[in-house]
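Here's the structure, in structure tokens; my notes come after.
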Amino acid sequence: MTTTTIPQADLTTNLLIDGEWVEAAETFDDLNPADGSLLARVAAGSAADVDRAVRAARAALDGAWGATPGVARGALLNKLADLVERDAAIIARLEALDIGKPVAQPGMLDIPNTVATFRHFAGWADKIQGATIPTAGYLGMAATHSYTVREPVGVIGAIIPWNTPLMIAAWKLGPALAAGNTLVVKPAEDAPLSILHLGTLIEEAGFPAGTVNIVPGLGPVAGQALVEHADVDKISFTGSPEIGRHIQKTAADTFKRVTLELGGKSPQIVLEDANVEAAINGIAMGLFFNQGEVCAAGTRILVHRSLYETVVEALGQAADAQVLGDPFDEATTLGALVSAKQQERVLGYIEKGKAEGARLVAGGTSPDQPGFFVRPTIFADVDNSSTIAREEIFGPVGAVIPFDTVEEAIQIANDTRYGLAATIWTQDVSLAHTVAAKVRAGAVWVNGWAAIDPALPWGGMKASGIGRELGWSGILANTEEKVVTIVL
Ligand code: ADP
């Protein structure tokens, strides 16, 4: 069905280790979600490949990259941003083919955000400063002079999911490189191609060999080897809570630092005085953008009872108005889910929703055509204790829940194991601040969904993760603080 293929020249499928593109002993099949066809056979990195990549990253840290001053690191990040901009059309095509998303979407979010992330962190690279700290002196015998420095954490293993791979890779690469770290990046098996293309741009920009190594491969093989490796100082992971928990436990054996970003079940709270039209547009975007395969997808829609039927009906219409189909057709607003496994998983949740008594307002099935499509789906009258309100579905499925008071809305919003993001729809400024203060989430948006920016910290509370990426928080997460005290 897909009307575009990848020109061979744009396709990179090998491992990037120490500045060289090398083959792996084995490959895995990377499929086109829109029709199930084979896109590429991609190198499946082994534990030995990961080990070589980690050695290269360590050598770069001890060598050329470690000796590169902040100003020069910033210049390289700016160059990389320029190259991503130059190759925007190639990257958009790779992401649409690999993930099944409409080809216009990477140009709206993933690519501009990636460029902005590299530029933002280019700016930090020469501004990472310590402090001088006065003390009472040394045992009453001598005065002291103490200062802190922020040093790179070291070799960082970055494990990337398949939903917005380029952008999430940039969220890990930008701050890590600005702070002087080296990396081994493990893209997801379902969508490695845009990150591999980014590897060619990293080489073209002129980063020293070994600064960024890319080892695609299977999670339990290449990912696991990276997490276990004794010479990796930190794992930065974005993915499911189950794998995140496993990674944190495994990383504990070698005292690695971890940053985990693990998804959510984010509420969209429509208060009584909300601008309903704006809310409906924002909620539809929060449900259907990227086929709902978004960690911050606003999948629990909590609506004041006075607006409830209006919102349910409008969301049903918004779902029915989505154009499901070929990611390369300009009319398409909703592409395919990334894999047959993901399609089955989402359909399984839809069946659970029906079985548990929710009212199906729109969607609920897959169209009868090749590819891993699921119709945009809205359930109303959802009980917050039911499966579709508790578990992250990672597909275009919304659960609408009524409430009567602001207190009840906050209670339902917080009644979840997750805490990544929340949106509040209201025109009352003081209510916006009051509710924002009470919602347990790493990011709270008022009158908008996914107002993200590389300058703002990103990460979750509770099962949504540990630590923050981006902004100054991203620099903190990628540095170790050292204090130097001189007894005078
Ligand atoms: P999703 O459910 O969105 O596919 P996963 O958490 O399964 O998310 O995968 C996210 C990333 O984690 C992928 O790059 C995957 O290969 C990797 N991964 C999976 N299992 C492991 C593991 N045991 N150790 C390290 N990385 C893993």
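- The two residues Gly19 and Leu16 come nearest to each other via the heavy atoms C-CD1, 3.9 Å.
- The aromatic rings of His145 and Tyr147 lie tilted to each other, with the angle between the two planes from 30° to 60°.
- For Pro33 against Leu97, the heavy-atom pair with the smallest separation is CD-O, 3.1 Å.
- For Arg119, the CZ atom counts as densely surrounded, since its 6.0 Å shell holds more than 12 non-hydrogen atoms of other residues, nucleotides or ligands.
- Rounding to the nearest 0.5 angstrom, the gap separating the CD atom in Glu151 from the OG1 atom in Thr148 is 10.5 Å.
- Remark: Asp415 engages Arg390 in a salt bridge, criterion side-chain N to carboxylate O under 4.0 Å.
- At distances below 3.5 Å, at least one donor-acceptor pair connects side-chain atoms of Thr332 with backbone N or O atoms of Asp326.
- Rounding to the nearest 0.5 Å places CG of Asp231 at 9.5 Å from CG of Leu61.
- By the 30° and 60° cut-offs, the orientation of the rings of Trp65 relative to Phe207 is tilted.
- With rounding to the nearest 0.5 Å, the separation of CG in Leu198 from CG in Leu193 is 12.5 Å.
- Side-chain atoms of Asn181 come within 3.5 Å of backbone N or O of Val153 as a donor-acceptor pair.
- Remark: side-chain polar atoms of Asp110 are not paired, donor with acceptor, to backbone N or O of Thr164 under 3.5 angstrom.
- Shortest non-hydrogen contact noted between Ala422 and Val439 is CB-CG1, 3.6 Å.
- Here the closest heavy-atom approach between residue Gly36 and residue Phe372 is recorded as CA-CZ, 4.0 Å.
- Using modelled atom types, one side-chain atom of Thr423 and one backbone atom of Gly448 make a donor-acceptor pair closer than 3.5 Å.
- With salt bridges taken as basic N to acidic carboxylate O contacts below 4.0 Å, one links Arg41 and Asp29.
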Residues Thr135, Ser146; criterion side chain to side chain donor-acceptor pair (under 3.5 Å); working and verdict:
CA-CA 8 Å; Thr135 74; Ser146 295; 4.8 Å; no
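- The main-chain N or O of Ile466 is never found under 3.5 Å from a side-chain atom of Arg468 such that the two would form a donor-acceptor pair.
- Taken to the nearest 0.5 Å, the CD1 atom of Ile269 stands 7.0 Å off from the CD1 atom of Ile410.
- In the displayed structure, Glu242 atom CD is contacted under 6.0 Å by more than 12 heavy atoms of other residues, nucleotides or ligands.
- Side chains of Lys172 and Ser236: a donor-acceptor N/O pair is present below 3.5 angstrom, by distance only.
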side-chain contact (heavy atoms from CB on, under 4.5 Å) evaluation trace for Leu420 with Trp458:
CA-CA 9 Å; Leu420 185 60; Trp458 178 249; 3.8 Å; yes
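- Side-chain contact check for His229 and Asp51: at least one donor-acceptor pair (N or O, by modelled atom type) lies under 3.5 Å.
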Would you please test Leu77 and Leu177 for side-chain contact (heavy atoms from CB on, under 4.5 Å) and show each step?
CA-CA 8 Å; Leu77 279 166; Leu177 291 170; 4.1 Å; yes
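- For Thr12 and Thr200, the side-chain atoms include no donor-acceptor pair closer than 3.5 Å.
- No donor-acceptor distance shorter than 3.5 angstrom exists from the side chain of Arg257 to the backbone of Asp233, with no hydrogens or angles considered.
- Between Arg52 and Asp49, at least one side-chain nitrogen of the basic residue sits less than 4.0 Å from a carboxylate oxygen of the acidic one, meeting the salt-bridge criterion.
- For the 3.5 Å distance criterion, the side chains of Lys341 and Ser339 fail to qualify, holding no donor opposite an acceptor.
- Arg150 and Thr479 form a side-chain donor-acceptor contact under 3.5 Å, judged by distance and modelled atom types alone.
- Under a 3.5 Å cut-off, the side chain of Glu228 and the backbone N or O of Thr250 do not form any donor-acceptor pair.
- Side-chain contact check for Trp449 versus Ile283: every heavy-atom pair is 4.5 Å or farther apart.
- The distance from atom CG of Asn290 to atom CG of Leu334, rounded to the nearest 0.5 Å, is 9.5 Å.
- The residue from Val185, Thr182, Leu80 that alone fulfils the side chain to side chain contact (heavy atoms under 4.5 Å, CB included) condition with Val212 is Val185.
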Test log, rule side-chain contact (heavy atoms from CB on, under 4.5 Å), inputs Asn447 and Trp425
CA-CA 5 Å; Asn447 296 332; Trp425 298 94; 3.7 Å; yes
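- Annotation: the span from Leu196 atom CG to Leu94 atom CG amounts to 9.5 Å, rounded to 0.5 Å.
- The local environment of CZ in Arg245 is sparse, with at most 12 non-hydrogen atoms from other residues, nucleotides or ligands closer than 6.0 Å.
- The two residues Leu262 and Ala463 make their nearest non-hydrogen contact at CB-O, 3.4 Å.
- A 4.5 Å side-chain heavy-atom check between Asn113 and Ile452 finds at least one atom pair inside the cut-off.
- Under the 3.5 Å distance criterion, with hydrogens and angles disregarded, no donor-acceptor pair is assigned to the side chains of Trp162 and Asp98.
- In this structure a side-chain-to-backbone donor-acceptor pair under 3.5 Å is present from Lys101 to Asn163.
- The two atoms that bring Pro106 and Glu95 nearest to each other are CG-CB, 4.0 Å, heavy atoms only.
- Here the side chains of Leu337 and Phe394 are not in contact, with every heavy-atom distance at 4.5 Å or above.
- More than 12 heavy atoms of other residues, nucleotides or ligands lie within 6.0 Å of NZ in Lys462, so this atom counts as buried by the packing criterion.
- Judged by distance alone, the side chain of Lys234 and the main-chain N or O of Gly154 form no donor-acceptor pair under 3.5 Å.
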Checking Thr299 against Leu287 for the side-chain contact (heavy atoms from CB on, under 4.5 Å) test, could you report, in this order, the C-alpha distance in whole Å, the side-chain angles of both residues, the deciding distance, and whether it holds?
CA-CA 6 Å; Thr299 49; Leu287 284 173; 4.2 Å; yes
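- Formation of a donor-acceptor pair under 3.5 Å by the Lys265 side chain with backbone atoms of Glu392 is not found in this model.
- Proximity of Leu109 to Phe289: side-chain heavy atoms (C-beta onward) are separated by under 4.5 Å at one or more points.
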